[in-house]
Structure formats: C-alpha cells, structure tokens
Amino acid sequence: MVQSLLSAEIKIWLEKSLASELHVSNLYKHIANQLQRLGYFGAQSYYLKESAEELTHYQRLSDYCNDMGWVAPVPAVPKMSDKISNISDALEISYEAELDLLNQYKKFYEEAEDKYDDCITATFIIEFLQIQRKSVGEYGDLIAKLNLNGDIYEFDEEMGKK
C-alpha cells in the first residue's frame, strides 16, 4: 500500500477545502432553485453552471489527494432552506461565499508553506487562490452591473448567456 505524503494537518485543511467546495456547489444549486421559483431563468442557468464548476474544484482537490497517496473523503453537506428574494440577494450571498473561500485558501496556503513546510501543497493551492480571486472579481462585477442596470429582466437574460 502506498504511504500518504500528506501530514495530518494538511489532510485537515484538505478535508475542510473539499467540504467547502461541495457546500458552495450545493449553495449554488439552492440559489438556482430559488431563482427558478422567482422566474429568473437566466440567473438559474448561470447558477447551475456555477454549481457544476464548484464540483470540478472538489474533483481537483480529490485528484491531488490521490496523487499524494490519500483518499479524499466525501463530506456530508447540510440541507439549505434559506429563501432568496431576488437576484441581488443571490449575488451578495455568492460574493460572500467566494470571498470566504478566497480567505480560506489564503490561510491554507500560508500554513502549508510557512507552518507545515509543504511547498508541494502550497504550490498546488495557488491554483485555487487564482480561481477564487477571479470569482470574487466576477461576482463584484455582476453586483455593480446589476446596480447600474435598471432592467432586471435584461440582466437576468444576460446572466443566462454567461
């Protein structure tokens, strides 16, 4: 049997990251369902794509765990029942979720590099820092565009094209 190349501390960080990616994927499915209920089908489509993208992040983390001789766990994700009232709510929640992930990966990177002397994992996490930087920026841009655009249905249609 192959020995894991990951320390116990890095495994804890990876478990947290895996759980966070699944949580955000489910959050975006939940938001998509809520937006569908409200009749925002473009935004619903956008969030379904975002949910699928978050699952690819989970899989990248899982593949890394495998490469390093460890099997990634599949954590349980809690049920979501919060109501979304409009696209603005959805975007604000999404911005915060992406910002939380960015901060989580930043701390993970810093600890992997400085505290646990794991330059391999730290280098791997850089990819996720860049993904999160871009996601935070994209949601910030969407929030700004929504605030400038007076026609919510036009905005909804544009989200569906992304």
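When the side chains of ILVMFWY residues are joined at heavy-atom separations under 4.5 Å, either directly or via intervening members, L129 and Y116 end up in a single hydrophobic cluster. Clustering ILVMFWY residues whenever any of their side-chain heavy atoms sit less than 4.5 angstrom apart, transitively, puts F41 in a cluster other than the one holding Y153. Transitive grouping of hydrophobic side chains (ILVMFWY, heavy atoms separated by less than 4.5 Å) brings M68 and I126 into a common cluster. Under a hydrophobic-cluster definition in which Ile, Leu, Val, Met, Phe, Trp and Tyr are linked whenever side-chain heavy atoms come within less than 4.5 Å, directly or via other members, L14 and V74 are assigned to the same cluster. Under the 4.5 Å side-chain contact rule for hydrophobic residues, I120 and F124 share a cluster.
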Could you give me the CA-CA distance, side-chain angles and deciding distance for L48 and Q44, then say whether side-chain contact (heavy atoms from CB on, under 4.5 Å) is met?
CA-CA 6 Å; L48 289 174; Q44 174 202 12; 4.1 Å; yes
L35 and N86: CA distance, side-chain angles, deciding distance, side-chain contact (heavy atoms from CB on, under 4.5 Å) verdict:
CA-CA 7 Å; L35 292 170; N86 52 51; over 6 Å; no
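Note on residues 16-40: pairs passing ring-ring contact (aromatic ring centres under 6.0 Å, His included), not counting sequence neighbours, are Y28-Y47. Residue pairs meeting the side-chain hydrogen bond (donor to acceptor under 3.5 Å, both in side chains) criterion with at least one partner in residues 57-83, sequence neighbours excluded, are E21-H57, E53-H57, E54-H57, Q59-D63, R60-E127, Y64-T121. Within the structure, ring-ring contact (aromatic ring centres under 6.0 Å, His included) pairs that include any residue of residues 74-112 comprise W13-F108, Y105-F128 (at least two apart or interchain). Among residue pairs with one or both ends in residues 131-148, those qualifying as side-chain hydrogen bond (donor to acceptor under 3.5 Å, both in side chains) are E50-Y139, E98-Q132, Q130-R133; sequence neighbours excluded. For residues 148-162, the set of pairs meeting the salt bridge (Lys or Arg N to Asp or Glu O under 4.0 Å) definition, not counting sequence neighbours, comprises E157-K161, E158-K161.
S25 contributes a side-chain N or O that, together with a main-chain N or O of S51, makes up a donor-acceptor pair within less than 3.5 Å.
Once rounded to the nearest 0.5 Å, the distance linking CG of L5 with SG of C65 reads 11.5 Å. Rounded to the nearest 0.5 Å, atoms CD (Q36) and CD1 (I84) are 14.0 Å apart. Between the CG atom in L6 and the CG atom in D118 there is a gap of 7.0 Å [rounded to 0.5 Å]. In this structure, NZ in K106 is found 8.0 Å from CG in L102, a value given to the nearest 0.5 Å. Rounded to the nearest 0.5 Å, atoms OG (S17) and CD1 (I125) are 5.5 Å apart.
Not a single side chain to side chain contact (heavy atoms under 4.5 Å, CB included) links D117 to another residue, sequence neighbours left out. L27 meets the side chain to side chain contact (heavy atoms under 4.5 Å, CB included) test with I31, M80, I93, A97; sequence neighbours excluded. With sequence neighbours left out, T123 forms a side chain to side chain contact (heavy atoms under 4.5 Å, CB included) with no residue at all. Scored by the side-chain hydrogen bond (donor to acceptor under 3.5 Å, both in side chains) test, S20 finds Q104 as partners (sequence neighbours excluded). Judged as a salt bridge (charged side-chain N to carboxylate O under 4.0 Å, His left out), and not counting sequence neighbours, E110 has no contacts. Checked against side chain to side chain contact (heavy atoms under 4.5 Å, CB included), K115 has the following partners two or more places apart in sequence or in another chain: E111. Under the side-chain hydrogen bond (donor to acceptor under 3.5 Å, both in side chains) criterion, E15 pairs with no residue, sequence neighbours left out.
Closest non-hydrogen pair, A122 versus E113, comes out as CB-OE1, 3.3 Å.
A 4.5 Å side-chain heavy-atom check between L146 and I143 finds every atom pair outside the cut-off. L55 has its side chain within reach of L22: a pair of non-hydrogen atoms, C-beta onward, lies under 4.5 Å apart.
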